[in-house]
Amino acid sequence: MPVPCRLAIFAYIFPDSFPQTITHTTPTDMDKILWVDDEIDLLKPHLLFLKTKGYDVATANNGPDALDMLDREPYSLILLDENMPGLTGLETLARINQSHPDIPVIMITKSEEENIMTQAIGNQIADYLIKPVNPNQIWFSINKNLHSGKLVAEKTTSDYQQEFRRISTLINDARSVEDWMEVYRQLVFWELKLEGADSSMDQMLLLQKRDANSNFCKFVKRSYEDWVTSDDHPLMSHEIFKRKVFPMLDRGEKVFVVLIDNFRLDQWRVVAPLVSEFFNIQEELYTTILPTSTQYARNAIFAGLMPLQIEQMFPALWVDEDEDEGLNIHEAELIQTQLDRFRRKEKFSYSKLNDSGAGEKFLRTLNSLKNTPLNVVVLNFIDMLSHARTESKMIRELASSDAAYRSLTESWFRHSSTIDIFRRVAELGFKVVVTTDHGTIRVDNPIKVVGDRNTNTNLRYKVGKNLNYNPKQVYEMHNPKKFGLPAPNLSSTFIYACNEDFFSYPNNYNYYVQYYTGTFQHGGISLQEMLVPLVTLTPK
């Protein structure tokens, strides 16, 4: 089956975006090396070999001379003997780290003593070689430390070039949710790999993501009604506790459910290494209900019901779109209704952590929960980050792209109490289910919609009566109750944005387009919003 049309055209017009071979890295004019060894005269064969490889190697036979040379001119890398008279290699290394911490140092030693290796590694050396070393070993280590970024980028670019057509075929052939989950996993994998390699293929991947989302939206339009009206559907929001959490409790396991609002698969992937020290990880995806927003999707998770059922069975716990009170203020009560409905007697705790202070306080009280079989924690940082990015110019700069958004997520997880909470929960022997109510997508294409004053303000979905829009640009629900959604009035219609679209009113159109373009939004249909992490962590 042919690849998506615009991607094929792009590849035809810009063939240089698809390099056919990996070029061999050669030294640059700046690749000047300093080799420090008290027996430097015995290393002439090594020096000649490096010269044939294009490296300019200066030499010193003691630490003080080496330090003087470093002060006079720049070097790209240092080869440093550990066993030298006078100022030893380790002492020289310590001074280099103070005065020139940016220069990688490869330490070479005759000694295999563990304490010397430990001290060298503790001083953040680039590599550690034990004599005798042959010229190829030296060359390999130099090449690895000076040119690994370029080599990785070239290899990654070549690998993505080979995978490009296979992923395009996956997109075109996707017929089930499982197929789309595999497409999304592949796209996230390459997004992270290309980002780390500083590759030139970002534009190609962006086009491939857009084609995937366009096809995924068509798939959802064809399938969603069947999912909510039949038993043949993927795992969805209202079944998380029933199908994932309750079986753990039935096996006598203690469980923490950690719901991170606005949490995408790519964000999970950058924080996963941080928790892998304490847990074994089993990663899955599940499919959120529509709208992909807190009021609907998160309440469905905690109640174990579709939103219409919540409104009908527990009207006091459902908050309509036009009400002033918070849309997720009854979560603990909804969890209790689900436990009661399934006749479960487990004691549970519920905590919502909105800031670092709340996280620190929760950490101090964790011991009191060690015998509580079910604990639910909501972390709101990423949701607040996405909203702050819309409102704050400074946060817009800090999270100007998906990569920056991921970086802020990883930094928050690493440097806040969050990582300490996971560590302590593992020590207490809990299994952890990490998930979210929905993801988010960076929007950049406004589409016009007109509604009355009671129409909701979300940029990715609208619910109201007498909405005026282009039906070809949206997914429509004219009978919300058929889709498990409460309707504010008899003529209410839900519409959803696809791809990277967002809704904008004609009034002050240019202002709002400029204001919201490039912001992260949720509520609509995209791989990022609807296919979200469901991760089981088992303490090591």
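Heads up: numbering here begins at 1 and tracks the sequence.
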For K540, does the NZ atom sit with more than 12 other heavy atoms under 6.0 Å from it, leaving out its own atoms? yes

Kindly state whether the ring of W227 and the ring of F483 have centres lying under 6.0 angstrom apart. no

Between N213 and Q528, does the side-chain hydrogen bond (donor to acceptor under 3.5 Å, both in side chains) criterion hold? Intermediate values first, please. CA-CA 9 Å; N213 266 326; Q528 294 94 320; 3.0 Å; yes

Salt bridge check: are D173 and R166 linked by an N-O gap of less than 4.0 Å? no

Single hit among F502, Y405, F263 for ring pair (Phe, Tyr, Trp, His ring centres under 6.0 Å) with F520: Y405

Are D226 and H233 linked by a side-chain donor-acceptor pair shorter than 3.5 Å? no

Is there a donor-acceptor contact under 3.5 Å from the side chain of S492 to the main chain of N489? yes

Would you kindly say whether E529 and S526 are connected by a side-chain donor-acceptor distance under 3.5 Å? yes

Set of residues satisfying salt bridge (Lys or Arg N to Asp or Glu O under 4.0 Å) with respect to R269, sequence neighbours excluded: E283

Should the ring pair F494 and Y496 be called parallel, tilted or perpendicular, given that the plane angle runs from 0 to 90° and is split at 30 and 60? parallel

Within the structure provided, determine whether V463 and M477 are in side-chain contact (heavy-atom separation under 4.5 Å). no

How about E360 and S417: does a side-chain donor come under 3.5 Å of a side-chain acceptor? no

Indicate yes or no: at least one non-hydrogen side-chain atom of W180 is less than 4.5 angstrom from one of S176. no

Between S223 (side chain) and F219 (backbone), is there a donor-acceptor pair under 3.5 Å? yes

Kindly determine whether I260 and W268 satisfy side chain to side chain contact (heavy atoms under 4.5 Å, CB included), including the steps that lead there. CA-CA 10 Å; I260 305 176; W268 157 250; over 6 Å; no

Is there a donor-acceptor pair under 3.5 Å between the side chain of S504 and the backbone N or O of K448? no

Crowded around Y512 OH? As in, over 12 foreign heavy atoms under 6.0 Å? no

Is the side chain of Q338 donor-acceptor paired with the backbone N or O of F302 at a distance under 3.5 Å, no angle test? yes

Would you call R344 and D250 a side-chain contact if the rule is heavy atoms closer than 4.5 Å? yes

Less than 4.5 Å apart, side chain to side chain, heavy atoms only: is that true for Y461 and S293? yes

Once you round to the nearest 0.5 Å, how far does CD1 of I447 lie from OH of Y469? 11.0 Å

For D102, I'd like to know if atom CG has over 12 heavy atoms of other residues, nucleotides or ligands within 6.0 Å. yes

Is the shortest side-chain N to carboxylate O distance from E476 to K221 below 4.0 Å? no

Scan side-chain atoms only and decide if Q295 and N299 contain a donor-acceptor pair under the 3.5 Å cut-off. no

Excluding sequence neighbours, so at least two apart, what forms side-chain hydrogen bond (donor to acceptor under 3.5 Å, both in side chains) with R423? D420

Between R442 and D402, is there a side-chain N and carboxylate O pair less than 4.0 Å apart? no

Hey, mind stepping through L290 and M530 against side chain to side chain contact (heavy atoms under 4.5 Å, CB included) and telling me if it holds? CA-CA 8 Å; L290 293 173; M530 289 192 71; 3.9 Å; yes

Side-chain heavy-atom pair V228, M306 within 4.5 angstrom cut-off: yes

For D261 and K352, run salt bridge (Lys or Arg N to Asp or Glu O under 4.0 Å): C-alpha distance rounded to whole Å, both residues' side-chain angles, the deciding distance at 0.1 Å, then the answer. CA-CA 11 Å; D261 198 1; K352 183 183 295 184; over 6 Å; no

Any side-chain donor-acceptor pair under 3.5 Å between N445 and D501? yes

For N367, does the CG atom have more than 12 heavy-atom neighbours from other residues, nucleotides or ligands under 6.0 Å away? yes

Can you list the residues that meet the salt bridge (Lys or Arg N to Asp or Glu O under 4.0 Å) rule with E225, with sequence neighbours excluded? K482

Side chains of N375 and S349 only: does a donor on one sit below 3.5 Å from an acceptor on the other? yes

So that I can tick it off, tell me whether E427 and K370 are bridged by a salt bridge, with the cut-off set at under 4.0 angstrom between side-chain N and carboxylate O. no

Look only at the side chain of S168 and the backbone of F164, and say whether a donor-acceptor pair between them is shorter than 3.5 Å. yes

Salt-bridged, E239 to K242, with N to O below 4.0 Å? no

Short side-chain donor-acceptor distance under 3.5 Å, Y160 and Q208: yes

Below 4.5 Å, heavy atoms only, C-beta onward: do T517 and V443 meet side chain to side chain? no

Is a salt bridge present between E191 and K209, judged by a nitrogen-to-oxygen distance below 4.0 Å? yes

Verdict with reasoning, V271 to W412, per side chain to side chain contact (heavy atoms under 4.5 Å, CB included): CA-CA 10 Å; V271 303; W412 156 72; 5.9 Å; no

Are S230 and D232 close enough that a side-chain donor and a side-chain acceptor fall under 3.5 Å? no

Drop me the distance from L305's CG to L334's CG, to the nearest 0.5 angstrom. 8.5 Å

Salt bridge check: are D266 and R185 linked by an N-O gap of less than 4.0 Å? no

Sorted by chain and number, sequence neighbours left out, ring-ring contact (aromatic ring centres under 6.0 Å, His included) with F413 holds for F422

Does any donor atom in the side chain of N458 or Q521 lie under 3.5 Å from an acceptor atom in the other side chain? no

Option from F256, F241, F430 for which side-chain contact (heavy atoms from CB on, under 4.5 Å) with L374 holds: F241

Evaluate side chain to side chain contact (heavy atoms under 4.5 Å, CB included) for R414 paired with I419, printing each intermediate quantity in order. CA-CA 6 Å; R414 179 189 297 274; I419 188 63; 5.8 Å; no

Quick one, V378 and R298 - any side-chain contact, counting heavy atoms below 4.5 Å? yes

What verdict does the side-chain hydrogen bond (donor to acceptor under 3.5 Å, both in side chains) test give for D340 and Q336, after you've listed the backbone C-alpha separation in whole Å, the side-chain angles of each residue and the deciding distance to 0.1 Å? CA-CA 6 Å; D340 293 343; Q336 186 63 64; 2.9 Å; yes

Does a side-chain heavy-atom distance below 4.5 Å link I441 with E500? yes

After noting the C-alpha distance and the side-chain angles of T156 and D159, does the key distance pass the side-chain hydrogen bond (donor to acceptor under 3.5 Å, both in side chains) rule? CA-CA 5 Å; T156 302; D159 289 347; 5.6 Å; no

Not counting sequence neighbours, which residues clear side chain to side chain contact (heavy atoms under 4.5 Å, CB included) with T455? List them please. D452, K462, L467, Y505

More than 12 heavy atoms of other residues, nucleotides or ligands under 6.0 Å from NZ of K465: yes or no? no

So, using side-chain hydrogen bond (donor to acceptor under 3.5 Å, both in side chains) as the criterion, who are the partners of R343 when residues are at least two apart? none

